[in-house]
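Only one structure is covered here, and it is reproduced in the block below.
Just so it is clear, the values below take in all heavy atoms, side chains as well, and ignore hydrogens, waters and symmetry mates. A note on names: the letters A, B, ... follow the listed sequences, proteins ahead of strands, and every chain is numbered from 1.
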Amino acid sequence: MITKPKGTKDIYGKEAKKWQYVSKVIDEVMEKYNYNYIRVPVFESSELFHRGVGETTDIVTKETYDFTDRGGRNMTLRPEGTAGVVRSYIENKMYGDVNQPVKLYYNCPMYRYERPQAGRYRELTQFGYELIGSDDPLSDAEVISLAVNIYKILGLKGIKVNVNTLGDQESRDNYRKALIKHFKPHVNELCEDCKERLEKNPLRILDCKVDQDKEVMKTAPKTIDYLNDESKERFEKVKEYLEIMGVEYVVDPSVVRGLDYYNHTVFEVEAKIEGFGAQNVIGGGGRYNTLVEQIGGPKTPGIGFAAGFDRLMLALEYEKVNIPVQTSVDLFLLYVNEDEKKYAAYLTNELRMNGFIVETDYLNRSLKAGFKQADRLNSKFTIVLNSEDLKQNEVKIKNNKTKEEDVISLDAIIYYLDENITEEDDCSCGASEEHNCNCGDKCKCHKED
RNA sequence: GCGGAGUUGGUGAAGUGGUUAACACACUGGUUUGUGGCACCAGCAUACGUGGGUUCGAUUCCCACACUCCGCCCCA
């Protein structure tokens with residue numbers, strides 16, 4: 001048997017419906033914030049990610065899917081979304097658009113060659129958004145608040161936002177030097193990885209899970225102490241706007257982010273996911289004021305956020321957020337002989353074109369099995385086409401809830417269905433008990449906050 | 001890249017170095033000469049991850065690999 005590649009996942013059935021729902025909610029929220037959907041290639045020149053994401057990051061040095069195409073070009077499957085979007089921004093000269101800043105969002109698969117585990121795949125789906133062309137602290141706050149709001153609208157309650165600032169380039173350089181100075185005398189106390197990081201990327205030492213509890217870590221200089229006045233003031237502004245927007249956040253100096261392009265504001269969103277301690281960060285982002293220039297565009301500030309779709313689904317599951325999925329059909333058409341089958345073919349088509357969800361039998365089942373199938377599909381009505389009735393231009397239609405059967409004229413089917421298909425008494429999400437869900441006013445099972 | 005645990009049919013699973021590998025659910029048909037959901041009866045063909053090895057004989061023991069789950073690193 002040919003099986004799916006390691007670290008990939010088939011999404012189908014009920015799970016696919018949930019994905020579609022969550023994607024739809026994301027689309028709706030993005031629309032309100034006036035972000036436009038963008039679709040960029042799955043593969044790009046390898047160079048883009050080396051310049052964009054950073055030569056020293058693990059993502060680029062050991063996790064990319066690289067290949068040479070038939071023309072000898074070095075290509076890489078995108079490991080993250082920002083570099084491609086920024087490339088597109090530059091290539092399509094969006095810096096010249098009348099509408100500024102440019103606000104873009106995406107929701108698509110990324111590829112990282114890693115060992116799969118809970119909430120981690122080699123093909124992972126991320127949604128994210130970028131606000132390019134503004135350095136205003138308000139844009140930082142909006143990007144953070146938008147992330148929080150998406151999760152809130154989806155019904156997640158256990159969301160925590162950790163915010164930090166890396167400062168501008170000057171602050172970052174000063175801080176870097178201070179860190180090296182601090183850790184150098186203690187280099188032997190650090191883990192192997194951190195020894196490497198000391199010269200290459202000292203900020204990442206702060207993130208280290210192995211060395212976390214060591215004394216050197218606790219006494220390490222804090223980003224906040226190396227910020228110049230401008231950067232400090234900027235961060236204060238961001239926090240102020242966040243408070244005005246009612247975003248609950250925590251300032252966490254250990255948030256430094258793994259990609260090279262960040263400066264100033266960086267943030268992470270954590271969710272409660274039982275048993276997946278290491279994977280509880282479901283999204284993260286930050287400001288990248290030098291990235292556009294690095295990739296070859298004009299000096300342009302930007303800020304963005306990206307979130308793991310798979311981890312979001314895990315969080316939704318853990319918090320038992322009910323996701324509305326359509327679980328019933330309006331009508332199931334049954335037939336026995338070939339003439340009735342032909343009429344069924346005609347009628348299913350006709351009714352579907354009139355907006356009803358209609359199913360029929362494709363397996364030449366017995367009536368008994370057909371009824372069973374109608375039940376399984378949770379059909380609201382069932383019609384058994386009967387040659388005798390059809391001769392009279394009539395049909396028997398059965399309401400599967402009340403078990404009542406009506407004999408109606410063929411011409412009246414559409415009218416009848418219109419009249420008798422009522423809004424579900426219970427929640428459209430199909431749940432029978434109170435729960436956290438987001439199905440709107442029609443939902444009577446919705447638990448009050 | 002490193003480490004741990006797994007892999008038996010459509011599904012959940014039991015089990016054994018040796019003639020037909022339990023059981024349950026699901027599915028299909030029948031009892032009901034064309035009206036289901038219950039009950040009973042019957043049926044469900046080619047199921048022991050892949051490749052080697054040990055053996056008269058391997059699903060069972062050994063080795064390798066693949067994949068799944070979990071952890072580390074890293075990240076979403």
Task: A:F371 side-chain proximity, nearest of B:C69, B:U35, B:C70 - done: B:U35
TODO: In sequence, state the C-alpha distance, the side-chain angles, and the governing distance for A:Y362 and A:E359, and then conclude on side chain to side chain donor-acceptor pair (under 3.5 Å).
DONE: CA-CA 9 Å; A:Y362 309 97; A:E359 260 295 16; 3.1 Å; yes
Open item on the list: Dot-bracket for RNA chain B, please. Rules: Watson-Crick or G-U, both distances under 3.5 Å, ( ) within the strand, [ ] when a pair crosses earlier ones, | for another strand, . otherwise.
Closed with: (((((((..(((.....[....))).(((((.......))))).....(((((..]....))))))))))))....
Open item on the list: Do the side chains of A:R120 and A:E114 get close enough for a salt bridge, i.e. N-O under 4.0 angstrom?
Closed with: yes
Open item on the list: A side-chain contact here means heavy atoms from C-beta on lying under 4.5 Å apart; do A:Q169 and A:T290 qualify?
Closed with: yes
Task: Rounded distance (Å) that lies between atom C1' of B:G1 and atom CD of A:E63 - done: 10 Å
Task: B:G1 to B:A47 separation - C1' atoms, rounded to the nearest Å - done: 36 Å
Open item on the list: For a quick check of understanding: with a heavy-atom distance under 4.0 Å over all strands, which category does A:G7 fall into, base, sugar-phosphate or nothing?
Closed with: sugar-phosphate
Identify all side-chain donor-acceptor contacts of residues 4-16 of chain A below 3.5 Å with residues at least two apart in sequence or on another chain.
unit_1 : atom_1 : unit_2 : atom_2 : d
A:T8   : OG1    : A:P5   : O      : 2.6
A:K9   : NZ     : A:E15  : OE2    : 2.9

All N/O donor-acceptor pairs, side-chain side in residues 332-349 of chain A, below 3.5 Å, sequence neighbours left out:
unit_1 : atom_1 : unit_2 : atom_2 : d
A:Y335 : OH     : A:D361 : O      : 2.6
A:N337 : OD1    : A:D339 : N      : 3.1
A:N337 : OD1    : A:E340 : N      : 2.8
A:N337 : ND2    : A:E340 : OE2    : 3.2
A:N337 : ND2    : A:S387 : OG     : 2.9
A:E340 : OE1    : A:V336 : N      : 2.8
A:E340 : OE1    : A:N337 : N      : 2.9
A:E340 : OE2    : A:S387 : N      : 2.9
A:E340 : OE2    : A:S387 : OG     : 2.7
A:K341 : NZ     : A:N364 : OD1    : 3.1
A:T348 : OG1    : A:A344 : O      : 2.8
A:T348 : OG1    : A:A345 : O      : 3.0

- [ ] Write down the distance between CG (A:D389) and C1' (B:U35), rounded to a whole number of angstrom.
- [x] 12 Å
Open item on the list: For a quick check of understanding: with a heavy-atom distance under 4.0 Å over all strands, which category does A:K396 fall into, base, sugar-phosphate or nothing?
Closed with: nothing
Task: salt bridge (Lys or Arg N to Asp or Glu O under 4.0 Å) involving A:K177 - partner list, sequence neighbours excluded - done: none
Open item on the list: Going by ring-ring contact (aromatic ring centres under 6.0 Å, His included), name the residues that satisfy it together with A:Y416, two or more places apart in sequence or in a different chain.
Closed with: A:F381
- [ ] Name all residues meeting the salt bridge (Lys or Arg N to Asp or Glu O under 4.0 Å) criterion together with A:E47; count only those two or more places apart in sequence or in a different chain, and write none if there are none.
- [x] A:R51
Task: Whole-Å distance separating the CG atom of A:L334 from the P atom of B:U35 - done: 12 Å
TODO: Hey, which sits more toward the 5' end of RNA chain B by its nearest nucleotide, A:V336 or A:P5?
DONE: A:V336
TODO: Considering only atom P, compute the distance from B:G71 to B:G15 and round it to an integer number of Å.
DONE: 28 Å
Open item on the list: Taking only the P atom of each, what is the distance from B:C44 to B:G53 in whole angstrom?
Closed with: 35 Å
TODO: Write down the distance between CZ (A:R120) and C1' (B:C73), rounded to a whole number of angstrom.
DONE: 8 Å
Task: Gap in Å between the two C1' atoms, one belonging to B:U50 and one to B:U59, rounded - done: 14 Å
Task: 5' priority, RNA chain B, between A:D310 and A:A374 [closest heavy atom] - done: A:A374
Task: A:K341 NZ - B:G34 P separation (whole Å) - done: 18 Å
Task: Under-4.0 Å side-chain N/O to phosphate OP1/OP2 contact, A:K6 with B:C67 - done: yes
TODO: State which of B:A76, B:G34, B:C73 makes the closest approach to the side chain of A:L367.
DONE: B:G34
Task: Whole-Å gap separating P (B:C70) and CD (A:E114) - done: 14 Å
Open item on the list: Using the side-chain heavy atoms of A:Q117, tell me which of these nucleotides is nearest: B:A76, B:U68, B:C72.
Closed with: B:C72
- [ ] Kindly write out the residues that satisfy ring-ring contact (aromatic ring centres under 6.0 Å, His included) with A:F127, not counting sequence neighbours, or none if the list is empty.
- [x] none
Task: Pairwise P distance for B:C69 and B:A64, with rounding to whole Å - done: 23 Å
- [ ] May I ask you to decide whether A:E268 forms a salt bridge with A:R257, counting only side-chain N to carboxylate O separations under 4.0 Å?
- [x] yes
- [ ] Whole angstrom is fine here: how far is it from CD in A:E404 over to C1' in B:U35?
- [x] 16 Å
Task: Qualifying residues under ring-ring contact (aromatic ring centres under 6.0 Å, His included), relative to A:Y129, sequence neighbours excluded - done: A:Y35, A:F305
Open item on the list: Would you measure the distance from the P atom in B:C25 across to the matching atom in B:U31 and give it in whole Å?
Closed with: 22 Å
Task: Spacing of the C1' atoms in B:U8 and B:U16 (rounded, Å) - done: 12 Å
Open item on the list: What contact category does A:E270 fall into here, base, sugar-phosphate, or nothing, at under 4.0 angstrom with non-hydrogen atoms?
Closed with: nothing
Check: residues 75-89 of chain A side-chain donor-acceptor pairs under 3.5 Å, at least two apart:
unit_1 : atom_1 : unit_2 : atom_2 : d
A:T76  : OG1    : A:S46  : OG     : 2.7
A:T76  : OG1    : A:D66  : OD1    : 2.6
A:R78  : NE     : A:P109 : O      : 2.7
A:R78  : NH1    : A:V40  : O      : 2.9
A:R78  : NH1    : A:P41  : O      : 3.0
A:R78  : NH2    : A:P109 : O      : 3.0
A:E80  : OE1    : A:T82  : N      : 3.3
A:E80  : OE1    : A:Y261 : OH     : 2.6
A:E80  : OE2    : A:T82  : N      : 3.4
A:E80  : OE2    : A:A83  : N      : 2.8
A:T82  : OG1    : A:E130 : OE2    : 2.8
A:T82  : OG1    : A:Y261 : OH     : 3.3
A:R87  : NE     : A:E91  : OE1    : 2.9
A:R87  : NH1    : A:E44  : OE1    : 3.0
A:R87  : NH1    : A:E44  : OE2    : 2.5
A:R87  : NH2    : A:E91  : OE1    : 3.4
A:S88  : OG     : A:N92  : ND2    : 3.1

Open item on the list: Closer than 4.0 angstrom, basic N to acidic O: yes or no for A:K396 and A:D406?
Closed with: no
Open item on the list: Using a heavy-atom cut-off of 4.0 Å across all strands, would you classify A:L385 as base, sugar-phosphate, or nothing?
Closed with: base
Task: Between P of B:A76 and NZ of A:K160, the distance in whole Å - done: 17 Å
Every protein N/O lying under 3.5 Å from an N/O of nucleotides 24-29 of chain B:
unit_1 : atom_1 : unit_2 : atom_2 : d
B:C27  : OP1    : A:R376 : NH1    : 2.5
B:G29  : OP1    : A:S366 : OG     : 3.3

Open item on the list: For A:Y105, give me all partners under ring-ring contact (aromatic ring centres under 6.0 Å, His included), at least two apart in sequence or on another chain.
Closed with: A:Y37
Collect all protein-nucleotide pairs involving nucleotides 3-5 of chain B in which both atoms are nitrogen or oxygen and the distance is under 3.5 Å.
unit_1 : atom_1 : unit_2 : atom_2 : d
B:G3   : O6     : A:R115 : NH2    : 2.8

TODO: Could you give the distance separating B:G30 and B:U35 at their C1' atoms, to the nearest angstrom?
DONE: 16 Å
